[in-house]
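In what follows, a structure is listed as structure tokens, so that the remarks can point back to it.
Numbering of ligands and ligand atoms starts at 1, following listing order.
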Amino acid sequence: MIRSLVTGGAGFLGSHLCDRLLAEGHEVVCLDNLSTGDVANIAHLMGNPHFSFINYDVTNYLFVDGTIDFIFHFASPASPIDYLKLPIQTLKVGSLGTHKALGLAKAKGARFFIASTSEVYGDPLIHPQPESYWGNVNPVGPRGVYDESKRFSEAMTMAYHRYHGVETRIIRIFNTYGERMRINDGRAIPAFMSQALRNEDLTVFGDGSQTRSVCYVSDLIDGVYRLMMSDYQLPMNIGNPEEVTILELAKEIIQLTGSRSKIIFQDLPQDDPKVRQPDITKAQTIIGWGPKVNRHDGLLKTLKYFKSKLNA
Ligand code: UDP
């Protein structure tokens with residue numbers, strides 16, 4: 001049986017990845033220190049003989065018994081309010097954690113996959129963003145702890161590939177949404193949905209003209225799996241290229257919920273990217289990937305999840 005390790009496996013993306021790997025017939029070892037992850041995301045897997053969970057901080061020396069074929073390093077705070085609250089942990093998991101996970105991959109002869117981010121492009125001066133763009137990141141701004149730790153992760157991953165011959169994959173994940181996001185993780189979609197469901201004002205930052213391109217979680221996970229199984233070593237963007245302004249997104253969510261909420265405008269956080277849209281030519285041509293779930297359907301599924309959470 002193929003054995004996969006997922007760091008951050010109790011998080012939003014990590015837990016969906018555990019589900020997918022189990023469905024593909026892998027044995028899955030999930031590591032998470034639950035700093036932003038939640039055992040509720042993997043509760044349905046407990047008792048599955050092919051699944052095990054270890055509560056562990058991957059910035060510490062990493063040892064896992066037995067063979068490992070694939071390592072997916074997904075552990076990291078990932079929402080702006082989380083990495084503002086946990087700046088040092090964010091830097092540590094991207095640097096020390098990536099180093100430990102790569103060391104384990106080398107020791108086990110495993111293939112290594114790093115969850116990087118569109119944040120490596122910072123506030124981009126090229127639009128949409130192809131993988132060849134080196135980015136526009138403020139290293140000392142509030143988002144620098146996340147952006148730079150992910151940029152370091154990519155550099156470390158390529159170093160292990162070039163120097164130690166470890167097989168590596170690098171994904172740059174653009175904004176993703178869906179079930180198991182935390183209601184209070186501060187990101188736009190959970191914030192707007194929980195506000196709309198409670199008939200509270202939706203908090204749009206700035207004038208809402210900044211754009212994002214949001215990808216539904218099942219599409220993202222399919223991109224992760226395809227990239228891992230491919231032989232492509234350089235960074236690859238995965239995200240839905242359909243771009244929307246944040247104001248438009250807020251209006252869509254009010255409409256979907258039928259809420260009485262109004263929109264209020266608050267200060268734009270420092271270094272908030274003005275635009276973001278993936279160029280997915282590589283994903284389309286190299287791994288045959290493209291998004292399948294449109295925003296309307298994805299938002300409806302997500303809304304159902306947040307409704308059940310708020311009523312629980
Ligand atoms: N945003 C907003 N209101 C909120 C939360 C976020 O207007 O309550 C904006 C935020 O300033 C950014 C966009 O929505 O421009 C996406 O923010 P998110 O935190 O989801 O992710 P980011 O892409 O900035 O990492």
Side-chain angles (χ1 to χ4, degrees), residues 11-13 36 74 76-87 90 94 115-124 127-129 135-138 141-151 171-217 220 237-254 257 259 261-278 295 298-299 302-303 306 310:
F12 164 47
L13 294 181
T36 57
F74 273 65
S76 179
S79 95
I81 60 162
D82 286 339
Y83 52 74
L84 288 184
K85 238 181 332 194
L86 303 167
T90 302
S116 185
T117 168
S118 56
E119 281 284 324
V120 301
Y121 303 122
D123 190 4
H127 190 65
Q129 294 79 52
N136 178 39
V137 169
N138 175 3
R143 301 173 84 103
V145 295
Y146 184 65
D147 303 8
E148 296 297 358
S149 82
K150 293 293 188 181
R151 290 171 69 97
I171 188 176
R172 291 184 179 152
I173 299 174
F174 282 66
N175 293 67
T176 303
Y177 68 97
E179 295 88 334
R180 303 186 196 153
M181 289 186 101
R182 286 181 1 253
I183 289 178
N184 58 351
D185 92 346
R187 283 186 277 199
I189 290 175
F192 294 161
M193 284 195 174
S194 56
Q195 289 161 345
L197 288 170
R198 293 170 173 140
N199 289 308
E200 292 167 1
D201 293 339
L202 271 65
T203 52
V204 167
F205 299 159
D207 62 5
S209 63
Q210 69 274 29
T211 68
R212 294 294 185 272
S213 308
V214 295
C215 184
Y216 183 64
V217 63
L220 191 282
N237 290 339
I238 297 285
N240 188 328
E242 207 188 315
E243 191 178 8
V244 63
T245 68
I246 293 301
L247 182 57
E248 197 51 46
L249 187 62
K251 287 181 182 164
E252 280 177 14
I253 289 173
I254 290 179
T257 50
S259 167
S261 298
K262 308 235 170 340
I263 289 173
I264 55 164
F265 295 91
Q266 296 186 346
D267 289 346
L268 190 66
Q270 189 189 333
D271 299 334
D272 197 287
K274 283 179 270 309
V275 290
R276 187 181 285 154
Q277 183 188 28
R295 196 165 64 244
L299 288 176
T302 309
L303 190 59
F306 282 122
L310 284 175

*Where is the nearest protein heavy atom to atom 21 (O) of ligand 1: which residue, which atom, and how far?*
N175 ND2, 3.5 Å
*For V204 and A250, which heavy atoms make the closest approach, and how far apart are they?*
CG2-CB, 3.8 Å
_Heavy-atom gap G208 to ligand 1 smaller than 4.0 Å_ = no
_Residue part near ligand 1, for I189, under 4.0 Å between non-hydrogen atoms_ = neither
_Which residue and heavy atom of the protein sit nearest atom 13 (C) of ligand 1, plus the separation_ = I246 CD1, 3.5 Å
*asked:* Can you name the atoms of ligand 1, numbered from 1 with element, that are less than 4.0 Å from a heavy atom of G186?
replied: 5 (C)
*Would you mind checking if R212 and E248 are paired as a salt bridge, meaning a charged N to carboxylate O distance below 4.0 Å?*
no
_Please enumerate all residues that pass side-chain hydrogen bond (donor to acceptor under 3.5 Å, both in side chains) together with T245, with sequence neighbours excluded._
none
_Closest approach of any protein heavy atom to atom 16 (C) of ligand 1, naming residue and atom_ = R212 NE, 3.7 Å
_I need the atoms of ligand 1 closer than 4.0 Å to a non-hydrogen atom of V204, numbered in the order shown._
7 (O)
*How close do I254 and L202 get, heavy atom to heavy atom, and via which atoms?*
CG1-CD2, 3.7 Å
*So which heavy atom on E243 is nearest to which on Q277, and how close?*
OE1-OE1, 3.5 Å
_Option whose closest heavy atom lies nearest to atom 3 (N) of ligand 1, chosen from L202, T203, D207, D267_ = T203
*Sub-4.0 Å heavy-atom contact, Q195 with ligand 1*: no
*asked:* Below 4.0 Å, non-hydrogen atoms only: which portion of P80 touches ligand 1? Side chain, backbone, both or neither.
replied: side chain
*So Y121 and F174, would you call those rings parallel, tilted or perpendicular, with 30° and 60° as cut-offs?*
tilted
*Write out the residue and atom name of the closest protein heavy atom to atom 15 (O) of ligand 1, then the distance separating them to 0.1 Å.*
D272 OD1, 2.6 Å
*Quick one: look up the protein heavy atom nearest atom 20 (O) of ligand 1 and list residue, atom name and how far away it is.*
A188 N, 2.8 Å
*Just heavy atoms, cut-off under 4.0 Å: does R143 contact ligand 1 by side chain, backbone, both, or neither?*
side chain
*asked:* Check contact between Q266 and ligand 1, using heavy atoms of the residue and a distance below 4.0 angstrom.
replied: no
_Could you report the tightest heavy-atom contact between L84 and P142, atom names first, then the distance?_
CD2-CB, 3.4 Å
*asked:* So if I count the atoms of ligand 1 from 1 in the order they appear, which ones are less than 4.0 Å from some heavy atom of E119?
replied: 25 (O)
*In plain terms, say whether K150 and E119 are close enough for a salt bridge, that is, a side-chain N and a carboxylate O under 4.0 Å apart.*
no
*If only atom types and distance count, is the side chain of E242 paired as donor or acceptor with the main-chain N or O of S213 below 3.5 Å?*
no
_Where ligand 1 meets A191 - atom numbers and elements under 4.0 angstrom, heavy-atom basis_ = 8 (O)
*Could you pull out the closest heavy-atom pair between L299 and E252, with the gap in Å?*
CD1-OE1, 3.7 Å
*For D123, does its backbone N or O pair with a side-chain atom of D271 as donor and acceptor, under 3.5 Å?*
no
*Write out the residue and atom name of the closest protein heavy atom to atom 1 (N) of ligand 1, then the distance separating them to 0.1 Å.*
F205 CD1, 3.4 Å
_Nearest heavy atoms of F12 and T176, plus distance in Å_ = CE2-O, 3.7 Å
*Taking N or O atoms only and a 3.5 Å limit, does Y83 qualify as a polar contact for ligand 1?*
no
*Check Q210 against ligand 1 and report side chain, backbone, both or neither, counting heavy atoms closer than 4.0 Å.*
side chain
